[in-house]
**Q** 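Below is one structure. I have some questions about it.
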Amino acid sequence: MTESLDAERMACWRAYIESSQRLFTRLEDDLRADSELTFADYHVLVLLSEAPGQRLRMGELAARLVFSPSRLTYQVSSMQRRGLVARQSCPQDRRGSEAVLTAAGLLALREAAPHHLRSVRAHLMDDLDDAEIACLTRVFERLGRRLRADRDDSSTHPE
């Protein structure tokens with residue numbers, strides 16, 4: 001019984017990874033064609049646009065993006081050369097720095113967002129078959145149950 005459950009779980013995760021890779025490749029291609037932004041550019045701009053003062057400390061930005069510090073430094077430097085973000089010293093931590101959204105970055109985000117949302121909807125509807133949709137649904141249901149359980153555990157055991 002456990003072996004068949006493990007086999008089903010592994011098959012489900014494998015299908016999830018393969019579907020996600022195919023989906024993200026198509027979304028990245030669409031995003032670049034419409035706006036010349038990469039997915040990483042887009043997500044940095046989204047996070048900065050939602051942050052107070054449209055700025056985030058580099059460490060906080062790395063944590064939200066699950067980027068290594070060196071990868072984030074490269075990403076922000078690339079975006080800085082294109083005028084999408086600026087990097088400034090952090091008033092709260094003189095040793096640190098913050099990424100700041102520029103007017104050009106905000107404009108690029110506003111222009112890319114409608115195209116990106118349309119692309120996400122189109123690829124989710126057209127590129128996934130019924131088996132992949134069922135698999136992804138199971139994965140996200142399990143993840144949702146796990147997150148709810150973790151949240152409930154943390155609320156009953158305050159630190």
Side-chain angles (χ1 to χ4, degrees), residues 10 12-129 132-133 135-151 154 159:
M10 287 302 294
C12 191
W13 278 107
R14 191 174 305 112
Y16 166 73
I17 291 166
E18 290 168 1
S19 302
S20 297
Q21 287 174 333
R22 192 174 73 249
L23 186 63
F24 288 130
T25 299
R26 289 184 177 145
L27 293 173
E28 173 93 15
D29 291 345
D30 288 354
L31 190 59
R32 280 184 187 264
D34 288 331
S35 66
E36 298 182 10
L37 294 176
T38 65
F39 247 172
D41 294 338
Y42 184 79
H43 288 289
V44 168
L45 294 175
V46 167
L47 288 172
L48 290 175
S49 73
E50 294 172 346
Q54 298 183 329
R55 61 181 55 233
L56 281 173
R57 287 187 205 175
M58 293 291 283
E60 188 176 355
L61 191 55
R64 291 185 184 190
L65 290 166
V66 196
F67 274 9
S68 68
S70 61
R71 170 72 175 117
L72 181 64
T73 299
Y74 171 80
Q75 182 67 39
V76 169
S77 295
S78 167
M79 294 177 73
Q80 191 173 4
R81 282 191 299 277
R82 292 180 285 148
L84 301 173
V85 298
R87 203 147 100 199
Q88 299 175 352
S89 61
C90 181
Q92 295 92 349
D93 178 5
R94 286 180 284 165
R95 294 171 296 149
S97 62
E98 295 178 320
V100 180
L101 184 64
T102 64
L106 186 57
L107 180 62
L109 178 62
R110 286 183 179 153
E111 289 175 353
H115 299 290
H116 179 59
L117 294 175
R118 255 194 321 276
S119 176
V120 168
R121 280 191 218 103
H123 287 299
L124 282 174
M125 297 300 290
D126 297 339
D127 291 342
L128 298 179
D129 62 28
E132 288 172 321
I133 291 170
C135 170
L136 293 175
T137 301
R138 285 196 309 271
V139 167
F140 287 117
E141 284 172 351
R142 287 181 187 150
L143 181 59
R145 283 194 299 269
R146 176 65 191 265
L147 291 172
R148 282 190 296 278
D150 288 350
R151 186 180 58 218
S154 67
E159 294 177 7

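Sequence positions, counted from 1, serve as the residue numbers for this chain.
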**Q** Which residues pass the side chain to side chain donor-acceptor pair (under 3.5 Å) test with T25, sequence neighbours left out?
**A**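 So T25 forms no side chain to side chain donor-acceptor pair (under 3.5 Å) with any residue.
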**Q** If you round to the nearest 0.5 Å, how far is NE2 of H43 from CG of L65?
**A**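 These two atoms lie 8.5 Å from each other.
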**Q** Are any non-hydrogen side-chain atoms of L31 and T38 less than 4.5 angstrom apart?
**A**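 No, too far: nothing below the 4.5 Å cut-off.
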**Q** If you count heavy atoms of other groups shown closer than 6.0 angstrom to CD of Q88, is the number above 12?
**A**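 Counting other residues, nucleotides and ligands, CD of Q88 exceeds 12 neighbours.
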**Q** Once salt bridge (Lys or Arg N to Asp or Glu O under 4.0 Å) is applied, do any residues pair with R14, and if so which ones, sequence neighbours excluded?
**A**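 For R14, no residue satisfies salt bridge (Lys or Arg N to Asp or Glu O under 4.0 Å) once neighbours in sequence are set aside.
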**Q** Is the backbone N or O of G83 less than 3.5 Å from a side-chain atom of T102, with the two atoms forming a donor-acceptor pair by type?
**A**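 Flag set: sc T102 to bb G83 pair under 3.5 Å.
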**Q** Does atom OH (Y74) have a neighbourhood of more than 12 heavy atoms from anything else shown, all under 6.0 Å?
**A**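 Incorrect, the count does not exceed 12.
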**Q** Give me each pair satisfying salt bridge (charged side-chain N to carboxylate O under 4.0 Å, His left out) with a member in residues 100-116, each pair once, sequence neighbours excluded.
**A**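 Qualifying pairs, neighbours excluded: none.
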**Q** Using atom types as modelled and distance alone, determine if a side-chain donor or acceptor of S77 lies under 3.5 Å from a backbone N or O of T73.
**A**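 Judged by distance alone, yes, a pair lies under 3.5 Å.
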**Q** Under the side chain to side chain donor-acceptor pair (under 3.5 Å) rule, collect the residues that match up with H115, sequence neighbours excluded.
**A**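 Expected list: R118.
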**Q** Indicate the atoms forming the closest heavy-atom contact of L45 with G105, along with that distance.
**A**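 Distance-wise, the nearest heavy atoms are CD1-O, 3.8 Å.
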**Q** Closest heavy-atom contact between V100 and L48?
**A**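 So the minimum-distance heavy-atom pair works out to C-CD1, 4.2 Å.
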**Q** Does the plane of the ring in Y42 sit parallel, tilted or perpendicular to the ring in H116? Use 30° and 60° as the thresholds.
**A**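 Answer is tilted, since the angle falls between 30° and 60°.
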**Q** Can you name the nearest heavy-atom pair linking L37 to A108, along with the distance?
**A**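 It is CD1-O, 4.0 Å.
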**Q** Minimum heavy-atom separation for S97 and R87, please, with both atom names.
**A**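 In this case the closest contact between S97 and R87 is OG-NE, 3.8 Å.
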**Q** Scan for salt bridge (charged side-chain N to carboxylate O under 4.0 Å, His left out) pairs involving residues 58-83, sequence neighbours excluded, and state none if there are none.
**A**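 Pairs touching residues 58-83 that pass the test: D41-R82, E60-R64.
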**Q** Enumerate the residue pairs fulfilling salt bridge (charged side-chain N to carboxylate O under 4.0 Å, His left out) with a member in residues 19-28, sequence neighbours excluded, ordered by first and then second residue.
**A**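 Output for this query lists R22-E132, R26-D127, E28-R32.
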**Q** If you look at every heavy atom in Q75 and A40, which pair is closest and at what distance?
**A**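 Heavy atoms of Q75 and A40 come nearest at OE1-CB, 3.4 Å.
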